[in-house]
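One structure coming up, written as structure tokens, with questions to follow.
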Amino acid sequence: MTPRRYAPSQKVLHWIIAILIFALVPIALAMANLPDGGLKNALYEWHKSFGLTVLALALARLLVRASRGAPPLVDGLPAWQRRAARTSHLALYALIVLVPILGWAGTSACCAPVMLYFTLPLTLPISGGMPVGEAILKVHQVAAFTLVALVALHVAAALHHHLVRRDGTLRRMLPGGGEG
Ligand code: HEM
Ligand code: HEM
């Protein structure tokens, strides 16, 4: 049966993943551009650990989504906006899984070990060394910037719903928010 609202777990996962991505991207830009040194190395470690955390939470989120579904889009949207919403949500789900997997695979190939929060070794068995690692990380970078662009559109759409259409779309993703 189609639910009438997002479950609290869906909202919590949505916002924790969003916060982690808002932290991960500036960390990525800083670590890639800083001169070699302790700060650069620390930012790499935080980037990798936050990224792996996004992957774990995204998989949990997909399980909840598959078992519980999501409320229908608000009434009165033109067909192209309904299609755009469905396609962009699907692409966001795909990218929050793909981007960290690519980062994980690329780092495992070129620059092992991958350590989760400086403790748990999680390097994947991927051979090929630097050339393979760099190629995978290039795809990781392109996919990550695609995710950033899509998130910008997604936020613009959420604000449009809230401020221009004044419907319940944003409220129903907020704590305590109900049917839209
Ligand atoms: C949702 C999760 C992730 C996002 C949004 C993300 C985002 C990014 C972005 C935007 C860059 C490009 C930085 C630049 O070249 O200016 C980047 C690079 C990189 N990411 Fe990620 N990343 C994620 C997950 C991961 C994970 C899980 C790992 C490894 C375990 C990882 C490892 C790397 C590495 C090694 C680079 C290369 C930086 C360089 O060129 O020196 N990322 N990431
Ligand atoms: C930064 C990373 C973000 C990602 C990866 C993301 C991803 C998603 C996905 C996949 C959905 C579809 C949920 C489902 O149908 O199961 C969704 C819904 C939603 N998101 Fe985000 N989101 C992000 C940030 C934001 C931000 C910053 C806002 C608000 C300013 C926002 C507002 C919403 C709203 C209002 C919905 C509900 C749409 C509806 O029910 O029709 N999201 N988000």
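Values reported hereafter were calculated over all heavy atoms of this structure, with side chains retained and with hydrogens, waters and symmetry mates removed. Counting starts at 1 for both ligands and their atoms, following the listed order. Predicted model only: the values in this text are computed from it and were never measured.
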Quiz item: If you measure from atom 37 (C) of ligand 2 to every heavy atom of Y6, Y93, F22, which option wins on shortest distance?
Solution: Y6

Practice problem: Please could you name the atoms of ligand 1 that L52 approaches to less than 4.0 Å, counting only its heavy atoms? | Solution: 27 (C)

Quiz item: For atom 38 (C) of ligand 1, what's the nearest protein heavy atom and its distance?
Solution: Y44 OH, 3.6 Å

Quiz prompt | Connected via hydrophobic side-chain network under 4.5 Å: L62 and I21 | solution = yes

Quiz item: Can you find an N or O of T107 that's nearer than 3.5 Å to an N or O of ligand 1?
Solution: no

Exercise. Determine, using the 4.5 Å side-chain heavy-atom cutoff (strictly less than), whether L137 and W104 are members of one ILVMFWY cluster.
Key: no

Quiz prompt | Check against side-chain contact (heavy atoms from CB on, under 4.5 Å), H14 and Y6 | solution = CA-CA 10 Å; H14 175 272; Y6 286 107; over 6 Å; no

Exercise. Indicate if F118 and Y44 have the same hydrophobic cluster label, given that clusters are the connected sets of ILVMFWY residues with side-chain heavy-atom separations under 4.5 angstrom.
Key: yes

Quiz item: What distance do L116 atom CG and S49 atom OG have between them, rounded to the nearest 0.5 Å?
Solution: 5.0 Å

Quiz item: Which ligand 1 atoms, with their elements, are less than 4.0 angstrom from a heavy-atom of A32?
Solution: 14 (C), 15 (O), 16 (O)

Quiz prompt | Per-atom contacts, ligand 1 versus W104 - under 4.0 Å to a heavy atom | solution = 28 (C), 29 (C), 30 (C)

Exercise. Anything protein N/O/S under 2.8 Å from atom 21 (Fe) of ligand 1? Just list residue and atom, please.
Key: H47 NE2, H140 NE2

Self-check item: Validation row: M115, L122 side chains within 4.5 angstrom (heavy atoms)
Solution: no

Quiz item: Which heavy atom of the protein is the closest neighbour of atom 5 (C) of ligand 2, given with residue, atom name and distance?
Solution: I96 CG2, 3.7 Å

Practice problem: Determine whether any heavy atom of F50 lies closer than 4.0 Å to an atom of ligand 1. | Solution: no

Quiz item: Which ligand 2 atoms are under 4.0 Å away from a heavy-atom of L73?
Solution: 41 (O)

Exercise. Assess the side chains of Q10 and R65: does a donor N or O sit below 3.5 Å from an acceptor N or O?
Key: no

Self-check item: Shared hydrophobic cluster for L174 and F22 (ILVMFWY, side-chain gaps under 4.5 Å)
Solution: no

Practice problem: Of the side chain and backbone of V74, name the one, both, or neither that has a heavy atom under 4.0 Å from an atom of ligand 2. | Solution: neither

Quiz prompt | Options M31, E134, K138, ranked by nearest heavy atom to atom 36 (C) of ligand 1, top entry | solution = M31

Practice problem: Just jot down the ligand 2 atoms closer than 4.0 angstrom to any heavy atom of T169, in number order. | Solution: 35 (C), 38 (C), 39 (C), 41 (O)

Practice problem: Determine, using heavy atoms of I17 and all atoms of ligand 2, whether some pair is separated by less than 4.0 Å. | Solution: no

Quiz item: Nearest non-hydrogen atom to atom 11 (C) of ligand 2 belongs to which of R61, R68, R65?
Solution: R61

Quiz prompt | Spacing of Q141 atom CD and L102 atom CG [to the nearest 0.5 Å] | solution = 12.0 Å

Quiz item: Which ligand 1 atoms, with their elements, are less than 4.0 angstrom from a heavy-atom of L29?
Solution: 16 (O)

Self-check item: Element-labelled atoms of ligand 2 that are located less than 4.0 Å from some non-hydrogen atom of W15
Solution: 26 (C), 27 (C), 28 (C), 29 (C), 31 (C)

Quiz item: Is K138 atom NZ crowded by more than 12 heavy atoms from other residues, nucleotides or ligands, each under 6.0 Å away?
Solution: no

Self-check item: Any donor-acceptor N or O pair under 3.5 Å, side chains T53, Y117
Solution: yes

Practice problem: Report yes if some heavy atom in the side chain of H161 is under 4.5 Å from a heavy atom in the side chain of L170; otherwise report no. | Solution: no

Quiz item: Roughly how far, to the nearest 0.5 Å, is CG of L57 from CZ of R61?
Solution: 9.5 Å

Quiz item: Among protein heavy atoms, which sits nearest to atom 41 (O) of ligand 2, and what does the distance come to when rounded to 0.1 Å?
Solution: R172 NH2, 3.1 Å

Quiz item: Counting no waters, what protein N/O/S atoms lie under 2.8 Å from atom 21 (Fe) of ligand 2?
Solution: H14 NE2, H154 NE2

Self-check item: same_hphob_cluster(I17, V99) at 4.5 Å side-chain heavy-atom cutoff
Solution: yes

